[in-house]
Peer 1: 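So that we are looking at the same thing, I have put the structure below in structure tokens.
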Amino acid sequence: MKGKFISFEGSDGAGKTSVLKAIRADLEKQLGTSKVMYTREPGGDRISEQIRRVLVDRQNTDMDSRTEALLFAASRRQHVVEDLRPALAAGKVILCDRYVDSSIAYQGAGRRLGEQAVWQINRFAIDGLLPELTIYLDIPTELGLRRIATHRADQINRLDQEQLAFYQAVRHSYLRLQKADPQRIKKIDASQSLDQVVSDVKIAIHTKFPELFTDEF
Ligand SMILES: Nc1ncnc2c1ncn2[C@@H]1O[C@H](COP(=O)(O)OP(=O)(O)O)[C@@H](O)[C@H]1O
Ligand SMILES: [Mg+2]
């Protein structure tokens, strides 16, 4: 079987991690664990981990936004070389929790670095390795935020206009990316029940790759 690269995108709380868990388990049942690679950035490799440590270090609150974008791109580059390319060469199905579209939406639009600028540095980093299929879990901003902070729902309503505006910009950027490349990026309504979202995602994967989830359709 030829290697396949599928990325999962969407705002925080859209359900990426939950959906991926179900998709991964069912794909492993069909193909065997050795043919499925679940991954997220940074990859497990040493260099990406070191870059990540700089990004999350609480002492680095003065980090410039462009520095941050470049470090994300650098970490992504190492993930491509050490994890993604070898997995594709070995004929695996890659399930990747966030990839290049996250940078464009979060840093380009959310942090206002400009989508084109962020795309340019990432184009250099990924050197042509785009997913064949990107599952975009679309969710209204307030619902996504409520899911990740159920216990703080009233606080969110009150305090975080700024956070709300940030996530709205992220969502609109994702929607623009999806419209610009509907062949690669499939939009799924993530406000539905988890079972329904998982089912829609399986249909999208099966439509692109008819040899996956054959038992279910
Ligand atoms: N379809 C859904 N309906 C209701 N709650 C959901 C759904 N999908 C995920 N959740 C819940 O929302 C929260 C965020 O989900 P998660 O999968 O971590 O999202 P992400 O990885 O996109 O940030 C979790 O508490 C999860 O159990
Ligand atoms: Mg997650």
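Sequential numbering from 1 along the given sequence is applied to the chain's residues. This structure is a prediction, so every number in the text was calculated from the model and none was measured. Just so you know, ligand 1 is whichever comes first in the structure, and atom 1 is the first atom listed for that ligand. Because only heavy atoms are used, hydrogens play no part in the values below, and waters and symmetry mates are left out as well, while side chains stay in.
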Peer 1: Identify the two heavy atoms, one from Val19 and one from Leu194, that lie closest to each other, and give their separation to 0.1 Å.
Peer 2: CG2-CD1, 3.9 Å

Peer 1: Can you list the atoms of ligand 1 that are under 4.0 Å from a heavy atom of Ser11?
Peer 2: 22 (O)

Peer 1: Distance to 0.1 Å, residue and atom name: give those for the protein heavy atom nearest to atom 8 (N) of ligand 1.
Peer 2: Arg147 NH1, 3.6 Å

Peer 1: May I ask which of Gly15, Ser191, Gly10, Ala190 has a heavy atom nearer to atom 19 (O) of ligand 1 than the others do?
Peer 2: Gly15

Peer 1: Numbering the atoms of ligand 1 from 1, which are under 4.0 Å from a heavy atom of Asp12?
Peer 2: 23 (O)

Peer 1: Return yes or no for this condition: an N or O of Val19 is under 3.5 Å from an N or O of ligand 1.
Peer 2: no

Peer 1: Atom CD of Glu68 and atom OG of Ser103: how far apart are they, to the nearest 0.5 Å?
Peer 2: 9.0 Å

Peer 1: Can you name the closest pair of heavy atoms from Gln59 and Asp57 and give their distance?
Peer 2: N-OD1, 2.8 Å

Peer 1: Of all the atoms in ligand 1, which lie at a distance below 4.0 Å from a heavy atom belonging to Gly13?
Peer 2: 14 (C), 19 (O), 20 (P), 22 (O), 23 (O)

Peer 1: Please tell me whether Phe166 and Leu175 are part of a single hydrophobic cluster in this structure, the criterion being side-chain heavy atoms less than 4.5 Å apart.
Peer 2: yes

Peer 1: Any atoms of ligand 1 less than 4.0 Å from a non-hydrogen atom of Lys16? List them with their elements.
Peer 2: 17 (O), 19 (O), 20 (P), 21 (O), 22 (O), 23 (O)

Peer 1: One thing to verify: whether Lys208 and Glu132 come together as a salt bridge, which I'm taking to mean a side-chain N less than 4.0 angstrom from a carboxylate O.
Peer 2: no

Peer 1: Would you call Arg85-Asp127 a salt bridge at under 4.0 Å N-O?
Peer 2: no

Peer 1: Quick check, are the ring centers of Tyr99 and Phe5 under 6.0 angstrom apart?
Peer 2: yes

Peer 1: Of the protein's non-hydrogen atoms, which lies at the shortest distance from atom 18 (O) of ligand 1, and what is that distance?
Peer 2: Thr17 CB, 4.0 Å

Peer 1: Heavy atoms only, cut-off 4.0 Å: how does Gln192 contact ligand 1, side chain, backbone, both, or neither?
Peer 2: backbone

Peer 1: Are any of the N/O atoms on Leu194, whether in the backbone or the side chain, positioned under 3.5 angstrom from an N/O atom of ligand 1?
Peer 2: yes

Peer 1: Looking at the Mg ion (ligand 2), is there an N, O or S atom belonging to Thr17 that lies under 2.8 Å away from it?
Peer 2: yes

Peer 1: Distance to 0.1 Å, residue and atom name: give those for the protein heavy atom nearest to atom 26 (C) of ligand 1.
Peer 2: Ser18 OG, 3.8 Å

Peer 1: Inspect the contact between Arg53 and Glu49 and indicate whether a charged nitrogen and a carboxylate oxygen are less than 4.0 angstrom apart.
Peer 2: no

